[in-house]
Every structure is written in C-alpha cells, then in structure tokens.
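Throughout, residue positions are numbered sequentially from 1 according to the sequence presented.
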Amino acid sequence: MAAHGKLRIKDAAFRRFLSVAVITLFGAILIIFLHRYSPVSDSVIRDAYESAESLQVTFNYSQRTENVNLPKQNELSIRLQKQNELPPRNLNLYPKLAKDNIVIVLYVHNRPQYLKVVVDSLSRVEGISETLLIVSHDGYFEEINRIIEGIKFCQVKQIFAPYSPHIFENSFPGVSPNDCKDKDDPVKKKCEGTPDQYGNHRSPKIVSLKHHWWWMMNTVWDGLKETRQHLGHILFIEEDHFIYPNAYRNLQLLTELKPVKCPDCYAANLAPCDVKAKGEGWESLIAERMGNIGYAFNRTVWKKIHRKAKEFCAFDDYNWDITMWATVYPSFGAPVYSLRGPRTSAIHFGKCGLHQGQGEKQACVDHGFSNIQVENIDKVPNIKTDWGVHIYWKQAGYQAGFRGWGGWGDARDRQLCLDFANMYDLRST
C-alpha cells in the first residue's frame with residue numbers, strides 16, 4: 001500500500017509538472033508571436049509574459065505570521081480583522097457581478113459630511129449595480145460605518161485597517177507612553193522614536209495616511225478572496241471625490257482603449273492630474289502623469305509597485321501619492337502615463353484634509369456642500385473610440401533630489417510598512 005501511495009504521489013507530481021510545462025511553452029509561443037507580428041510596445045509584451053507566468057500556479061493566499069512582526073493587536077483590532085472576512089452585503093439584491101466588471105475601492109477616514117456627498121454621487125453612477133464596491137476604513141468611526149451600511153445600490157464589502165493608529169490608544173502604531181514628541185532628543189529625554197530629516201518625531205494621525213493606503217493596496221490585491229485573483233482594473237477613489245454619473249462607463253471605455261491607444265500607459269484616470277482642472281474639452285484622449293483622483297490599474301502594475309516596497313517604505317514623506325510620484329514611479333525607468341478623457345468624470349471637493357478629523361477640539365469644519373454642476377454631457381459616456389491621443393510630454397513633478405516633506409522618519413513606521421508588504425503569503429499549489 002505504501003509503495004502504491006508513493007507511486008500515486010509521483011504520478012500526480014509528474015502531471016502537475018507536465019501541465020506547467022505545457023502552459024509555459026504556450027505562453028512563450030504567444031509572446032514570440034506578439035513580438036514578431038504585432039505592432040505593440042514592449043510594455044504590452046511584458047504584460048503578456050507576466051500573464052502567462054501567472055497561469056503557471058494556482059494562488060493560495062494566507063495571512064503570514066512568520067517573519068512578519070506586526071504590532072500586538074488589541075480587542076478592537078482583532079474584531080475588525082475578523083469583520084474583513086465577512087462576505088459582501090446586498091448579495092440578495094445583486095447576486096451576480098457583470099463579466100469583466102471594474103471593482104471600485106473607496107477609502108475613507110472620518111469625514112462623514114464628505115462621505116455622504118460621495119455616496120450620493122455613486123448612487124447615480126450608471127452601471128454601479130454591476131460591480132463590487134469595497135470600502136476601506138482607516139480606523140472605526142460609528143457615523144462613517146452607518147453611512148456605508150445604508151448603501152443599497154450595489155454589492156458592498158467593508159474592510160477595516162486593523163493596525164490603524166486610530167484604534168491603538170496607548171501603544172504603537174498609536175501613541176505610546178514613551179514616544180518622543182515634536183523635536184525631542186531621544187537621548188536626553190530617554191524617549192522612543194526616530195526623527196524625520198527635519199528633526200520632527202512621528203504624529204500617528206499623520207502617518208496613518210500612508211499606512212492605510214499601503215495596507216489597503218496589499219489587502220485588496222493580495223489578501224481579499226473577492227479580489228486576490230482579479231486580473232482586471234480596480235478603481236480607487238477617496239471620500240472627497242465627487243463621481244459623475246458617466247464615470248464607470250467612461251472608465252470601461254478607457255480600459256478597453258488603453259492597450260490600443262496608449263500601450264505604454266500604466267493606468268486610466270477619471271480626472272486630470274491637476275486637481276483644480278476639469279479637462280481641455282478637446283476631441284482627443286489625454287495621456288499624462290497618473291493623478292490621485294479616480295485612478296485605475298491592473299495586477300501587472302500592482303506587481304511592479306509591490307516590488308518597490310523598500311523604496312516606498314523608506315521615503316521620508318507621509319503622503320502616499322507624493323511618495324509614488326517622487327520615488328516609486330521614477331524607479332520604473334520610463335515616464336508613467338495614465339489615459340483619461342478630455343472632460344473630467346470625477347472632482348475633488350472640500351477643504352478638510354484627511355488628517356483633520358471630526359473628533360478633535362480644532363477639527364476642520366466643512367459641511368460638505370459641494371455646489372458641483374452636473375451637466376447633461378456628464379450623465380452619458382462622452383469618450384469616442386476613434387479619437388487620437390494627445391500626450392503631455394513635459395509634465396510638472398518632483399525633480400531628482402527631492403527628499404520628501406518629512407513626517408515619515410520613525411524606524412517603527414518604516415518597518416510596519418514593510419511588514420504590510422509581506423503579510424500575505426503567496427504560495428503555489
């Protein structure tokens with residue numbers, strides 16, 4: 001019996017080896033064919049190679065505990081992490097997602113007056129019921145939670161950052177009793193902390209911005225069962241982004257046109273990279289640097305970003321977007337373009353920053369009244385498939401040598417950031 005068992009194991013192993021070999025050979029033939037006969041860019045060839053590469057394994061993700069030194073969780077942190085495993089709500093209303101749907105991720109903090117405006121705008125988006133809306137919470141805030149639980153216009157999955165500084169009152173990543181403050185000298189004060197390049201020690205409510213974004217990206221792409229094998233684009237928006245009714249249909253067009261019209265574009269954007277701009281109004285698609293309002297990219301791009309975890313986590317700037325623009329994108333070796341329409345489909349509104357929460361003595365006061373005009377042209381797709389592409393070759397940005405605005409100097413924050421990059425274990429079966 002033992003001998004037969006070993007024989008079956010060897011046979012199964014041989015079959016797995018054979019299937020991998022066949023798929024690899026097929027992928028190689030496909031890539032050679034594309035490279036020889038198709039007038040597409042090298043970036044598309046790389047995408048094809050990575051797609052063929054991904055077919056060789058079956059993904060089995062699990063939360064990694066070894067070699068990752070995540071902070072000790074409190075009761076709330078554990079409870080929130082368990083909630084992340086719950087299935088999406090409204091499955092009874094929307095049992096099936098549309099084929100090739102674009103998942104939408106909305107990341108929120110504690111600005112309920114803004115969130116109400118954004119949720120209302122999403123409820124009017126054409127096609128929203130076809131897809132999954134993931135809401136990523138930076139901490140737990142009851143009013144924010146109630147707003148999201150009231151959504152009935154699509155499938156909704158809530159995830160909560162279990163290591164958000166906002167849920168740790170007396171320990172890291174929150175404020176520890178022995179933390180250095182402001183410009184304290186750690187030796188003289190006998191306190192804990194590594195100052196940034198300007199001599200300032202960490203502020204938990206500030207570093208939470210970068211921590212949340214990085215945790216969310218790793219969790220959405222590599223952790224959630226709903227999205228960890230998603231190969232299409234995922235759209236990311238914030239709680240102060242008003243979304244126009246035509247946004248989803250326009251984005252579908254952009255992601256379809258991108259491989260043909262702009263094969264070197266990494267992403268698609270709903271809005272110009274200049275947050276104050278509303279578009280040129282031309283009859284042309286636009287290629288420019290990736291903006292931070294309504295941006296969508298696929299798994300191939302995420303894998304390139306994830307490989308730069310060390311650069312992302314080491315750069316002394318508490319802003320995730322500035323970190324990407326100043327150090328991650330430049331490390332790709334070529335300009336990082338994003339494709340968008342000539343008229344915006346999303347807009348930034350409000351005056352309160354993410355770090356200006358509502359539960360403080362000097363909280364930012366803004367009731368979220370946006371006065372955004374939605375014209376008839378914004379209610380229907382307004383991108384034409386026969387348009388050409390206008391490329392902004394020279395773009396404003398952070399020059400070589402820019403060292404960041406600081407706020408991200410503490411060695412503990414940098415290590416936690418790296419741990420987030422390694423907390424989901426990708427194993428082949």
Side-chain angles (χ1 to χ4, degrees), residues 61-63 70 73-97 101-123 125 128-168 173 208-230 234-243 248 294 296 320 354 357-359 368 420 423-424:
Y61 290 84
S62 61
Q63 185 85 29
L70 292 169
Q73 292 180 269
N74 56 31
E75 183 178 345
L76 178 57
S77 173
I78 295 171
R79 182 158 57 87
L80 293 178
Q81 184 164 319
K82 289 181 178 179
Q83 282 195 233
N84 294 346
E85 300 173 5
L86 296 176
R89 293 198 313 276
N90 300 333
L91 289 174
N92 59 322
L93 300 175
Y94 311 98
K96 291 185 178 180
L97 301 177
N101 70 91
I102 300 174
V103 175
I104 301 174
V105 177
L106 166 64
Y107 45 109
V108 302
H109 174 50
N110 186 25
R111 295 178 291 179
Q113 75 279 29
Y114 288 1
L115 184 59
K116 291 175 183 177
V117 176
V118 174
V119 168
D120 181 68
S121 72
L122 283 172
S123 71
V125 170
I128 190 70
S129 63
E130 301 173 3
T131 190
L132 169 66
L133 174 63
I134 299 174
V135 182
S136 182
H137 298 258
D138 184 13
Y140 180 84
F141 302 98
E142 187 59 41
E143 188 173 0
I144 295 292
N145 192 52
R146 281 199 301 268
I147 294 171
I148 301 304
E149 287 183 343
I151 293 177
K152 299 296 182 185
F153 50 78
C154 66
Q155 284 190 26
V156 183
K157 181 178 177 69
Q158 289 178 264
I159 58 175
F160 299 85
Y163 300 100
S164 168
H166 301 285
I167 62 175
F168 288 82
S208 72
L209 308 182
K210 191 168 179 176
H211 277 314
H212 180 213
W213 189 85
W214 189 239
W215 173 87
M216 172 191 69
M217 284 291 170
N218 280 275
T219 298
V220 168
W221 286 109
D222 295 338
L224 299 182
K225 63 181 180 181
E226 291 85 2
T227 51
R228 62 195 179 200
Q229 295 191 46
H230 183 79
I234 296 180
L235 170 67
F236 296 90
I237 58 176
E238 293 187 45
E239 65 186 359
D240 56 358
H241 294 171
F242 182 95
I243 310 301
Y248 188 75
W320 67 264
L354 274 171
Q358 304 305 301
F420 285 161
M423 65 182 171
Y424 298 109

Between Asn74 and Ile167 (side chain of the first, backbone of the second, donor and acceptor by atom type, cut-off under 3.5 Å), is there such a pair?
yes
In this structure, OG of Ser136 is separated from CD of Glu238 (nearest 0.5 Å) by 11.0 Å
Under a 4.5 Å cut-off applied to non-hydrogen side-chain atoms, are Tyr248 and Ile128 in contact?
no
Does any non-hydrogen side-chain atom of Gln158 lie less than 4.5 Å from one of His137?
yes
Any side-chain heavy atom of Leu115 sitting closer than 4.5 Å to one from Ile148? yes
In terms of heavy-atom contacts, Ile159 and Val220 come closest through CD1-CG2, 4.2 Å
Which label fits His212 and Tyr107: parallel for a plane angle under 30°, tilted from 30 to 60°, or perpendicular past 60°?
perpendicular
Has Glu75 got more than 12 heavy atoms of other residues, nucleotides or ligands less than 6.0 Å from its CD?
-> no
Quiz prompt | side-chain contact (heavy atoms from CB on, under 4.5 Å) between Phe153 and Val119, worked out | solution = CA-CA 10 Å; Phe153 50 78; Val119 168; 4.0 Å; yes
Quiz prompt | Aromatic plane relationship, Tyr140 with Phe160 - under 30° parallel, 30 to 60° tilted, over 60° perpendicular | solution = tilted
- Task: On the 0 to 90° scale, with breaks at 30° and 60°, tag the Phe141-His109 ring pair as parallel, tilted or perpendicular.
- Result: perpendicular
Tightest non-hydrogen contact, residues Met423 and Trp215, listed as CE-CD1, 3.2 Å
When every non-hydrogen atom of His241 is compared with those of Gly294, the smallest separation belongs to ND1-N, 4.0 Å
Keeping Ser121 on the side-chain end and Val118 on the backbone end, is there a donor-acceptor pair under 3.5 Å?
yes
| query | Taking the side chain as C-beta and beyond, is there a heavy-atom pair between Tyr163 and Gln73 under 4.5 Å? | reply | yes
Taking every heavy atom of Ser129 against every heavy atom of Tyr94, the minimum-distance pair comes out as CB-CE2, 3.6 Å
Sequence neighbours excluded, the answer for salt bridge (Lys or Arg N to Asp or Glu O under 4.0 Å) partners of Lys116 is Glu143
Between Arg111 and Asp240 the two heavy atoms that sit nearest each other are NH1-OD2, 3.4 Å
Quiz prompt | Validation row: Leu122, Ile151 side chains within 4.5 angstrom (heavy atoms) | solution = no
Note: Phe168 and Pro162 closest approach over all heavy atoms is CE1-O, 3.4 Å
Ignoring hydrogens and geometry, is there a side-chain-to-backbone donor-acceptor pair from Thr131 to Ile102 under 3.5 Å? yes
Could you check if a side-chain atom of Trp214 sits within less than 4.5 angstrom of a side-chain atom of Asn218, using non-hydrogen atoms only?
yes
Is the closest side-chain heavy-atom distance between Val108 and Tyr114 below 4.5 Å? no
- Message: Are Phe236 and Met217 packed together at the side-chain level, in the sense that at least one heavy-atom pair is separated by less than 4.5 angstrom?
- Response: yes
